Engineer: 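Just dropping this structure here.
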Amino acid sequence: MKWIYIEDIANYKDQEVEIRGWVYNKRSSGKVRFILIRDGTGIIQATISSEKNDHPLFKKFDLLTQESSIILRGRVREDKRAPSGYELNIDHMEIIQIAKDYPITPKEHSTPFLMEHRHLWLRSKKQHAVLQIRAEIIKSIRDFFDGRGFRLMDTPVLTPSACEGTTTLFETKYFDQNAYLTQSGQLYNEATAMAFGKVYCFGPTFRAEKSKTRRHLMEFWMVEPEVAFALLEDIIDLGEDLILHIIEQVLKNNQKQLDILERDTKPLENIKKPFPCIRYDDAVNLLKEKGSKIQWGDDFGSPEETLLSQIFDNPVCVTHFPAKIKAFYMQPDDERPDLVLGVDVIASEGYGEIIGGGQRIYDLKLLEQKIKEYNLPREAYEWYIDLRKYGTVPHSGFGLGIERTVAWVCKLKHVRETIPFPRLLYKIYP
RNA sequence: UCCUCGGUAGCUCAAUCGGCAGAGCGGGUGGCUGUUAACCACUAGGUUGGGGGUUCGAGUCCCUCCCGGGGAGCCA
């Protein structure tokens, strides 16, 4: 008997097959009994029917509970009455385990309850759909960069010091010294970009900020390309292409999951290149017109990002920020040295910043001066300064946050559902 | 850290002015020949987050602590 996955069921019409999985739900109607079985790739209805209400499998059926693990064998039939269009008429059932009191029922639950049972919640349809889309997004990102000749560079998770010196880092022991969990692979990628021309890193990053919002996790994934010789406009172009590629791939390969999530895909389908691109100066004026209390020189808060994303249908690029609200390595604008050649891309539909990046300082003296200005320990940055001594070139890059991207594409209220096991403020279980 | 809302059965919630602790789902038992979160009947299930106070009487009012949601701040 051939063991198959439910997603392939259509290829086995009128054949005898074996399905291994878990009981999603069961129903009975006198002499016909139904088992909804899921195997991780889909859900199919299995049926047992008997004229005399004495089918040998009825006793086993009665034992089944939600999430019990079973192996079924039977014939695949096309049937309009079945939820998926196919069903399995079974003549064999092996029970591996009867699950007792599975906590997640087919009715409603609150998010806190479900988060405590995250290890089980992953089995539910919507969570399953979100994580399928996450996997597709990650694949599409890798394909995008690999297809354009970028080299994957795995940057370290344990780092000796703050990359920025501004944000709060998770500290850990590293034998007899202290180490920190990375908050970005960027500085290392500036080195690898000088070796490979165009590179990207993709991994988890960590921020110890006490943020309690729908857009923040303590541990999140980021993809960060870095390109030697690229200027601000080049990197904006790259970011636009990346976002368009992600959306295209999800729309092409995840229609089923988007349906489960009841995602209206029109706003995604309508996204076109080029994105509206405005300077920080203009963004501040625009926000003031819309009633924001923002002053020139302030960084955008969540309300500002939300407001900006509501003004445009497409994601929006904001460029030329005041230097003092951005990191030390940002290249100043030649015409307005108080501004830096940075870009934030703010996702549409209120999802906030998904890309942050820009052009990096490549002049040795200027970088040394900035490190002093920002009170950073020079000895920790000697290797980084070296990059400006040996064949320095203008270069640019950005970081794209995976969880916010997934939340946006799936139109979720909170990023906590976009990763199998979110690390939230004060919550590290399960 | 601040603001705000909440904590009642395993889960989701109700309980009027301070006056008998309630429903649906889930569990159990039985029924039903095509169910679609099936349905119908019956049934078990409670330290009302903890502690203290006011009162003849507290799920309800007051104090306090704990836990959680939402928001702000923080956030290349």
Side-chain angles (χ1 to χ4, degrees), chain A residues 24-36 43-53 55 62 65-67 77 79-85 87 89 99-117 124-125 162-169 182-187 189-190 205-218 220 222 224 226 298-306 321 323 325-330 340 342-345 352-360 374 396-401 404 413-414 416 424-427:
Chain A
Y24 193 75
N25 203 352
K26 68 171 190 177
R27 293 184 276 270
S28 75
S29 181
K31 300 184 178 65
V32 190
R33 317 247 158 139
F34 304 91
I35 304 164
L36 289 175
I43 297 173
I44 193 167
Q45 173 169 285
T47 63
I48 320 162
S49 55
S50 164
E51 293 295 317
K52 296 178 205 155
N53 201 11
H55 197 287
D62 290 340
T65 55
Q66 205 188 343
E67 290 304 316
R77 284 189 47 241
D79 194 313
K80 280 178 191 157
R81 293 170 297 185
S84 67
E87 64 181 23
N89 286 141
K100 270 278 181 196
D101 299 326
Y102 185 68
I104 302 176
T105 68
K107 290 281 179 177
E108 281 168 37
H109 299 282
S110 62
T111 308
F113 175 81
L114 291 167
M115 270 332 295
E116 271 175 47
H117 298 84
S124 301
K125 268 187 194 166
C163 286
E164 320 293 341
T166 52
T167 52
T168 323
L169 301 176
T182 185
Q183 60 170 340
S184 166
Q186 180 202 317
L187 302 194
N189 261 348
E190 291 186 50
T205 52
F206 307 86
R207 305 276 167 92
E209 287 134 17
K210 295 192 173 171
S211 301
K212 203 185 86 176
T213 82
R214 70 182 76 181
R215 292 171 183 170
H216 291 87
L217 296 175
M218 304 303 109
F220 66 101
M222 196 156 59
E224 296 173 275
E226 193 72 29
D298 293 346
D299 206 352
F300 298 148
S302 291
E304 284 76 32
E305 287 184 359
T306 303
F321 292 91
I325 59 170
K326 289 290 177 183
F328 74 96
Y329 52 69
M330 290 258 194
V340 289
V343 56
D344 281 2
V345 179
E353 181 192 340
I354 49 171
I355 279 182
Q359 207 169 312
R360 328 298 192 189
Y374 280 74
S396 304
F398 64 79
L400 171 90
R404 286 186 187 176
K413 287 194 182 110
H414 200 300
R416 67 189 157 205
L424 297 157
L425 185 59
Y426 304 128
K427 268 170 69 179

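Note that this is a predicted model, so its numbers are computed, not measured. Naming: A, B, ... by sequence-line order, numbering from 1 per chain. Computed from heavy atoms alone, side chains included, the values below leave out hydrogens, waters and symmetry copies.
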Engineer: In whole angstrom, give me the gap between the C1' atoms of B/rC66 and B/rG50.
Structural biologist: 7 Å
Engineer: For side chain to side chain contact (heavy atoms under 4.5 Å, CB included), just list the numbers for A/L217 and A/L424, CA-CA rounded to whole Å, side-chain angles, deciding distance to a tenth of an Å, and then say yes or no.
Structural biologist: CA-CA 5 Å; A/L217 296 175; A/L424 297 157; 3.6 Å; yes
Engineer: Looking at every strand, decide which applies to A/P83 at a 4.0 Å heavy-atom threshold: base, sugar-phosphate, or nothing.
Structural biologist: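 Counting heavy atoms under 4.0 Å across all strands, the contact made by A/P83 includes a base.
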Engineer: Rounded to the nearest angstrom, tell me the gap between atom CD in A/E209 and atom C1' in B/rC75.
Structural biologist: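 Going from A/E209 (CD) to B/rC75 (C1'), I get 4 Å.
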Engineer: Under the 3.5 Å rule, do the base of B/rC75 and the side chain of A/H216 count as making a donor-acceptor pair?
Structural biologist: yes
Engineer: Tell me: CZ of A/F113 to C1' of B/rC67, nearest whole Å?
Structural biologist: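 After rounding, the reported distance stands at 16 Å.
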Engineer: Classify A/T213 by what it touches in the nucleic acid, base, sugar-phosphate, or nothing, heavy-atom distance under 4.0 Å.
Structural biologist: base
Engineer: Remember a base hit wins even if backbone is also touched, and classify A/Q45 as base, sugar-phosphate or nothing at under 4.0 Å, heavy atoms.
Structural biologist: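 If one applies the 4.0 Å heavy-atom cut-off, A/Q45 turns out to touch a base.
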Engineer: According to ring pair (Phe, Tyr, Trp, His ring centres under 6.0 Å), who are the partners of A/Y102, at least two apart in sequence or on a separate chain?
Structural biologist: none
Engineer: Using the C1' atom as the point on both nucleotides, what is the distance between B/rA58 and B/rA21, in whole Å?
Structural biologist: 13 Å
Engineer: Just by distance, no angles: are the side chains of A/Q186 and A/Y329 close enough, under 3.5 Å, to form a donor-acceptor pair?
Structural biologist: yes
Engineer: If I pick the P atom on B/rU55 and the same atom on B/rC62, what distance separates them, to the nearest angstrom?
Structural biologist: 16 Å
Engineer: Compare all side-chain heavy atoms of A/L425 with those of A/M218 and state whether any distance is below 4.5 angstrom.
Structural biologist: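 A side-chain contact under 4.5 Å exists here.
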Engineer: Toward the 5' end of RNA chain B, which comes first, A/T65 or A/E305, by nearest nucleotide?
Structural biologist: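 Comparing both residues, the 5'-ward one is A/T65.
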Engineer: May I ask you to say what A/G357 touches in the nucleic acid, namely base, sugar-phosphate or nothing, with a heavy-atom cut-off under 4.0 Å?
Structural biologist: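 Nothing: the residue A/G357, judged by heavy atoms under 4.0 Å, touches no strand.
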Engineer: Under 4.0 Å, counting only non-hydrogen atoms across every strand here, what does A/E353 touch: a base, just sugar-phosphate, or nothing?
Structural biologist: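 It contacts nothing in the nucleic acid.
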Engineer: When the P atoms of B/rC11 and B/rU48 are compared, how many Å lie between them, rounded to an integer?
Structural biologist: 15 Å
Engineer: Which nucleotide in the list B/rC25, B/rA72, B/rG34 gets nearest to the side chain of A/T105?
Structural biologist: B/rC25
Engineer: B/rG31 and B/rA14: how far apart are their P atoms, nearest whole angstrom?
Structural biologist: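 Here B/rG31 and B/rA14 have their P atoms 37 Å from each other.
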Engineer: Hey, does A/F300 reach any base, or is it just sugar-phosphate, or nothing, if we go heavy atoms under 4.0 Å?
Structural biologist: base
Engineer: Hey, does the side-chain of A/K212 have a donor or acceptor N/O within less than 3.5 Å of a partner on the base of B/rG70?
Structural biologist: yes
Engineer: Grab the NZ-P distance between A/K210 and B/rG73 for me, whole Å please.
Structural biologist: 18 Å
Engineer: Nearest whole angstrom, please: distance from the P of B/rG68 to the NE2 of A/H414.
Structural biologist: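 Atom NE2 in A/H414 sits about 13 Å away from atom P in B/rG68.
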Engineer: Mind calculating the distance between CG (A/D101) and P (B/rA44) to the nearest angstrom?
Structural biologist: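 Rounding to the nearest Å, CG of A/D101 and P of B/rA44 are 18 Å apart.
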Engineer: For A/S211 and B/rC74, is the shortest distance between a side-chain N/O and OP1 or OP2 below 4.0 Å?
Structural biologist: no
Engineer: Please classify the nucleic acid contact of A/D344 as base, sugar-phosphate, or nothing, using heavy-atom distances under 4.0 Å.
Structural biologist: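 Result for A/D344 = nothing.
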Engineer: Any side-chain heavy atom of A/K210 sitting closer than 4.5 Å to one from A/T168?
Structural biologist: no
Engineer: Heavy atoms, side chains only, cut-off 4.5 Å: are A/H55 and A/R33 in contact?
Structural biologist: no
Engineer: Carefully, step by step, assess A/F220 and A/R207 under the rule side chain to side chain contact (heavy atoms under 4.5 Å, CB included).
Structural biologist: CA-CA 8 Å; A/F220 66 101; A/R207 305 276 167 92; 3.6 Å; yes
Engineer: What interatomic distance, in whole Å, is found between C1' of B/rG59 and the corresponding atom of B/rC40?
Structural biologist: 34 Å
Engineer: Provide the distance between the two C1' atoms, one in B/rG45 and one in B/rG6, to the nearest whole Å.
Structural biologist: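 Rounded to whole Å, the distance is 25 Å.
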Engineer: Does B/rG70 have its OP1 or OP2 closer than 4.0 Å to a side-chain nitrogen or oxygen of A/R416?
Structural biologist: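 The answer is yes; a side-chain N or O of A/R416 sits under 4.0 Å from OP1 or OP2.
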Engineer: For residues A/S184 and A/E224, is any side-chain donor paired with an opposing acceptor at under 3.5 Å?
Structural biologist: yes
Engineer: When you match A/T47 and A/Q66 each to their closest nucleotide on RNA chain B, which lands nearer the 5' end?
Structural biologist: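 Comparing both residues, the 5'-ward one is A/Q66.
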Engineer: Would you mind calling B/rC61 syn or anti? Take O4'-C1'-N9-C4 for purines or O4'-C1'-N1-C2 for pyrimidines, and syn is within 90° of 0.
Structural biologist: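 Here B/rC61 takes the anti form, which means its glycosidic angle is more than 90° from 0.
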Engineer: Separation of A/R27 atom CZ from B/rC32 atom C1', in whole Å?
Structural biologist: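 Between C1' of B/rC32 and CZ of A/R27: 15 Å.
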Engineer: Would you kindly give the CE-to-P distance between A/M115 and B/rG69, to the nearest whole Å?
Structural biologist: 9 Å
Engineer: Return the set of residues passing side-chain hydrogen bond (donor to acceptor under 3.5 Å, both in side chains) with A/T111 (not counting sequence neighbours), or none when no residue passes.
Structural biologist: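 So A/T111 forms no side-chain hydrogen bond (donor to acceptor under 3.5 Å, both in side chains) with any residue.
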Engineer: Indicate, with a heavy-atom threshold strictly under 4.0 Å, whether A/K427 touches base, sugar-phosphate, or nothing.
Structural biologist: sugar-phosphate
Engineer: Does the base of B/rC32 carry an N or O that pairs as donor and acceptor with the side chain of A/S28 under 3.5 Å?
Structural biologist: yes
Engineer: Rounding to a whole Å, what distance do you find between A/I44:CD1 and B/rG34:P?
Structural biologist: 21 Å
Engineer: Do A/M330 and A/F321 have side chains that approach each other closer than 4.5 Å (heavy atoms only, starting at C-beta)?
Structural biologist: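 Heavy-atom side-chain distance check fails, nothing below 4.5 Å.
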Engineer: For RNA chain B, just give me the dot-bracket, please: Watson-Crick or G-U, both distances below 3.5 Å, ( ) intra-strand, [ ] crossing earlier pairs, | paired with another strand, . unpaired.
Structural biologist: (((((((..((((.....[..)))).(((((.......))))).....(((((..]....))))))))))))....
Engineer: Among the candidates B/rC25, B/rU35, B/rA72, find the nucleotide nearest to the side-chain atoms of A/S29.
Structural biologist: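 Of B/rC25, B/rU35, B/rA72, B/rU35 is nearest to the side chain of A/S29.
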Engineer: Is any side-chain N or O of A/K100 closer than 4.0 Å to OP1 or OP2 of B/rG26?
Structural biologist: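 So the side chain of A/K100 is outside the cut-off, no N or O lying under 4.0 Å from OP1 or OP2 of B/rG26.
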Engineer: With rounding to whole Å, what would you report as the distance between B/rU8 and B/rC67 at their C1' atoms?
Structural biologist: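 The answer is 16 Å between these two C1' atoms.
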Engineer: Side chain of A/E116, base of B/rG68: donor and acceptor closer than 3.5 Å?
Structural biologist: no
